[in-house]
Chemist: 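Dumping the structure here so I can ask a few things about it.
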Amino acid sequence: MVPVLPKAIFCLLLGGLLAAPASALTRYQSGIEDSEWRLSGDIFACTLRHRIPHFGEGEFIKEAGEPMKFILNPENEKMGPGQVFILAQAPSWMPGLSTETLDVLPYPGYGLTVEVGGKVAERMLTFLDNGRHPVVAGTAWENNGENVEVALSNINFAPAYNEFRRCMASLLPVNYDQIARTAALFPSNASDLTDRIKRRLDLVAVYVAADPTIEYIYIDGHTDLIGSRRDNRELSKQRAEKVTAYLLEKGVPPEMIVSRYHGERYPVATNNNADGRERNRRVTIRLERANPNVKSLSE
């Protein structure tokens, strides 16, 4: 959420950035001859990069299962500590449109990155698509009386943005961190898969099919403490087998699956109340790699 500043203070801060004399303002922005947007991506992440001459690079990143984010990567210490303003400025050929403030962030300086996420990053893309310039504005490192503006050019943006949107449409619905550990919870004394469990298993199957670094899927059935040990062991087996059968039906290779069942032996919560017992009535699905040093394509 954008911080709400008293009007007088906001005008003073923003006015200093926008209305300063030319001698007190340094602006970094690519021109017609060198404005370039570069796309890279796959089913795990899409990145749209823009080079800002004499300053660094800005990039919009959309990872599978994660919100949009924008990162400004300086290559020097031209922007000093203080506040930075994320602005949307209209070009000269759009008269009558005032500058809009999208966010205000603390900035430590030292050439560190500036990062914004979620709706702010999405609005920056929308403004670029509509012909405006997103700007990161702050004070100069050498002189806090001098202002610095780092602008993203919309020249040559539209074709790359169209490719970026196509890339995002092909992203997986989840990433490795979101799917590597899954717990499917069951009603008391039941082993049938609920619609919620099936939806989660669908995501597991989709991810496993897309990431060749996944080598094993460990499926472990569990129960709460209610009932005999023998019955609970059989119930945990039925639960694990139902999950295994569903994943096989979705195309997961059988040699990848290691299915086990444990009855009541390994609770993750107390069995003394209903909430704890609900957490213990579970099948865990764990994605693993034979070599723990191997990283997935998404990483």
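Just so you know, residue 1 is the first one in the sequence shown, and it goes up from there. What you see is a predicted model, and the numbers here were worked out from it, not measured in a lab.
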Chemist: Just how far is it from atom OG of Ser153 to atom CD1 of Ile32, taken to the nearest 0.5 Å?
Modeler: 8.5 Å
Chemist: Got a donor-acceptor contact below 3.5 angstrom from the Asp129 side chain to the Tyr161 backbone?
Modeler: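 No; judged by distance alone, with no hydrogens or angles, the pair does not exist.
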Chemist: Are a donor atom and an acceptor atom from the side chains of Ser228 and Asp231 found within less than 3.5 Å of each other?
Modeler: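 Yes - a donor-acceptor pair under 3.5 Å links their side chains.
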Chemist: Is it true that the NZ or CZ of Arg286 lies under 6.0 Å from the centre of Tyr218's six-membered ring and within 45 degrees of the ring axis?
Modeler: yes
Chemist: Go through the steps for Tyr110 and Trp141 under the test ring-ring contact (aromatic ring centres under 6.0 Å, His included), then give the verdict.
Modeler: CA-CA 8 Å; Tyr110 302 102; Trp141 178 266; 5.3 Å; yes
Chemist: Is a donor from one side chain sitting under 3.5 angstrom from an acceptor on the other, for Asn175 and Glu63?
Modeler: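 Result is no, nothing qualifies.
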Chemist: Apply the test salt bridge (charged side-chain N to carboxylate O under 4.0 Å, His left out) to residues Arg49 and Glu36: give CA-CA distance (whole Å), side-chain angles for both, the deciding distance (0.1 Å), then the verdict.
Modeler: CA-CA 8 Å; Arg49 294 184 174 89; Glu36 182 183 10; over 6 Å; no
Chemist: May I ask whether Leu225 and Tyr266 are part of the same hydrophobic cluster, defined by side-chain heavy atoms of I, L, V, M, F, W, Y residues being less than 4.5 angstrom apart, directly or through others?
Modeler: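 Hydrophobic grouping puts Leu225 apart from Tyr266.
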Chemist: Tell me whether the NZ or CZ atom of Arg38 lies within the 45° cone about the ring axis of Phe157 and under 6.0 Å from its centre.
Modeler: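 Pair Arg38/Phe157 does not count as cation-pi.
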Chemist: Parallel, tilted or perpendicular: which fits the ring planes of Phe44 and Tyr207, with parallel below 30° and perpendicular above 60°?
Modeler: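 The rings of Phe44 and Tyr207 stand perpendicular, inter-plane angle above 60°.
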Chemist: Quick test of your reading of the model: are Glu59 and Lys69 salt-bridged, counting only N-O distances below 4.0 Å?
Modeler: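 Between Lys69 and Glu59 there is no salt bridge, as every charged N stays at least 4.0 Å from the carboxylate O atoms.
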Chemist: Is there side-chain contact between Lys78 and Phe55, with heavy atoms separated by less than 4.5 Å?
Modeler: yes
Chemist: Within a strict 4.5 Å, meaning less than it, do heavy atoms of the Pro53 and Asp34 side chains meet?
Modeler: yes
Chemist: Any side-chain heavy atom of Glu264 within less than 4.5 Å of one from Arg233?
Modeler: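 Glu264 does not reach Arg233 side chain to side chain.
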Chemist: Measure the shortest side-chain to side-chain distance between Leu48 and Trp37 over non-hydrogen atoms and say whether it is less than 4.5 angstrom.
Modeler: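 Result yes, sub-4.5 Å side-chain heavy-atom pair found.
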Chemist: If you round to the nearest 0.5 Å, how far is CG of Asn273 from CG of Asp275?
Modeler: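 Nearest 0.5 Å value for the CG-CG distance: 5.5 Å.
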Chemist: For a quick test of reading the model, state the closest non-hydrogen atom pair linking His262 to Ser236 and the distance between them.
Modeler: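 Taking His262 first and Ser236 second, the nearest heavy atoms are N-OG, 3.4 Å.
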Chemist: Using the rule that two of Ile, Leu, Val, Met, Phe, Trp, Tyr join whenever any of their side-chain heavy atoms come within less than 4.5 Å, decide whether Val150 and Leu105 are in one cluster.
Modeler: yes
Chemist: Please determine whether residues Tyr261 and Ile285 belong to a single hydrophobic cluster, defined as Ile, Leu, Val, Met, Phe, Trp and Tyr linked transitively by side-chain heavy-atom distances below 4.5 Å.
Modeler: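 In one cluster: no.
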Chemist: So, do Ile257 and Val252 sit near enough that their side-chain heavy atoms are less than 4.5 Å apart?
Modeler: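 In contact.
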Chemist: What are the two closest heavy atoms between Ile219 and Ala240, and how far apart are they?
Modeler: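 Smallest interatomic distance, heavy atoms only, reads CG2-O, 3.9 Å.
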Chemist: For Arg277 and Asn272, work out which heavy atoms get closest and say how close.
Modeler: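 Minimum heavy-atom separation between Arg277 and Asn272: NH1-C, 3.6 Å.
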Chemist: Mind listing the closest non-hydrogen atom pair of Ala151 and Gln29 along with its distance?
Modeler: CB-OE1, 3.5 Å
Chemist: With Arg166 as the cation and Phe164 as the aromatic partner, state whether NZ or CZ is under 6.0 Å from the six-membered ring centre and within 45° of the axis.
Modeler: no
Chemist: Show your working on side chain to side chain contact (heavy atoms under 4.5 Å, CB included) between Leu152 and Phe60 and close with a plain yes or no.
Modeler: CA-CA 11 Å; Leu152 305 181; Phe60 291 93; 3.9 Å; yes
Chemist: Does anything in residues 184-193 form a salt bridge (Lys or Arg N to Asp or Glu O under 4.0 Å)? List the pairs, not counting sequence neighbours.
Modeler: Asp192-Lys242
Chemist: Whether the side chain of Ser191 engages the backbone of Arg239 through a donor-acceptor N/O pair (distance < 3.5 Å, no angle test) should be reported.
Modeler: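 A pair under 3.5 Å: no.
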Chemist: Are Phe127 and Ile61 in one and the same hydrophobic cluster, where Ile, Leu, Val, Met, Phe, Trp and Tyr link if side-chain heavy atoms are under 4.5 Å apart?
Modeler: no
Chemist: What are the two closest heavy atoms between Tyr107 and Gly80, and how far apart are they?
Modeler: CD2-O, 3.3 Å
Chemist: Drop me the distance from Thr223's OG1 to Lys237's NZ, to the nearest 0.5 angstrom.
Modeler: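 Here the interatomic distance stands at 14.5 Å.
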Chemist: Nearest 0.5 Å, please: how far is NZ in Lys62 from CG in Leu125?
Modeler: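 Leu125 atom CG to Lys62 atom NZ measures 11.5 Å (nearest 0.5 Å).
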Chemist: Over all heavy atoms of both residues, which pair between Thr139 and Pro81 is shortest? Give the atoms and the distance, please.
Modeler: OG1-O, 3.7 Å
Chemist: To the closest 0.5 Å, what do you measure between CG (Leu102) and CZ (Phe85)?
Modeler: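 Interatomic distance, Leu102 CG to Phe85 CZ, rounded to 0.5 Å: 12.0 Å.
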Chemist: Counting only N and O atoms by type, is there a donor-acceptor contact under 3.5 Å from the side chain of Asp42 to the main-chain atoms of Ala45?
Modeler: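 Such a contact is found between Asp42 side chain and Ala45 backbone.
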Chemist: Checking Arg281 against Ser188: is there a side-chain donor and acceptor pair closer than 3.5 Å?
Modeler: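 No, because no side-chain N or O of Ser188 sits under 3.5 Å from a partner of the opposite role on Arg281.
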Chemist: Report yes or no: do Ile217 and Leu203 belong to one cluster of Ile/Leu/Val/Met/Phe/Trp/Tyr joined by side chain heavy-atom distances under 4.5 Å?
Modeler: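 Yes, Ile217 and Leu203 fall within the same hydrophobic cluster.
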Chemist: Under 3.5 Å, is there a donor on one side chain and an acceptor on the other for Thr26 and Glu146?
Modeler: yes
Chemist: Under the side chain to side chain contact (heavy atoms under 4.5 Å, CB included) rule, what do Tyr246 and Asp202 come out as? Steps first, then yes or no, please.
Modeler: CA-CA 9 Å; Tyr246 190 86; Asp202 288 342; 2.8 Å; yes
Chemist: Check whether Gln178 reaches the backbone of Gly65 with its side chain - one donor and one acceptor, N or O, closer than 3.5 Å.
Modeler: yes
Chemist: How long is the gap from CZ on Arg282 to NE2 on His222, to the nearest 0.5 Å?
Modeler: 4.0 Å
Chemist: Between Ile52 and Leu72, is there a side-chain heavy-atom distance shorter than 4.5 Å?
Modeler: yes
Chemist: Would you say Ser35's side chain and Ser30's backbone share a donor-acceptor pair under 3.5 angstrom?
Modeler: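 Not at all, since once roles are kept as given, no pair shorter than 3.5 Å links the two residues.
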Chemist: Does Asn271 have any side-chain hydrogen bond (donor to acceptor under 3.5 Å, both in side chains) partners at least two apart in sequence or in another chain, and if so, which?
Modeler: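 Partners of Asn271 by the side-chain hydrogen bond (donor to acceptor under 3.5 Å, both in side chains) criterion, ordered by chain and then number, come out as Asn280.
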Chemist: Using the side chain to side chain contact (heavy atoms under 4.5 Å, CB included) rule, take Ile179 and Leu287 through it: C-alpha gap first, then chi angles, then the decisive distance, then the call.
Modeler: CA-CA 8 Å; Ile179 205 66; Leu287 308 186; 3.7 Å; yes
Chemist: Verify side chain to side chain contact (heavy atoms under 4.5 Å, CB included) between Glu149 and Val136, making sure each step is shown before the conclusion.
Modeler: CA-CA 6 Å; Glu149 291 184 351; Val136 179; over 6 Å; no
Chemist: Quick one, Met68 and Met168 - any side-chain contact, counting heavy atoms below 4.5 Å?
Modeler: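 Result yes, sub-4.5 Å side-chain heavy-atom pair found.
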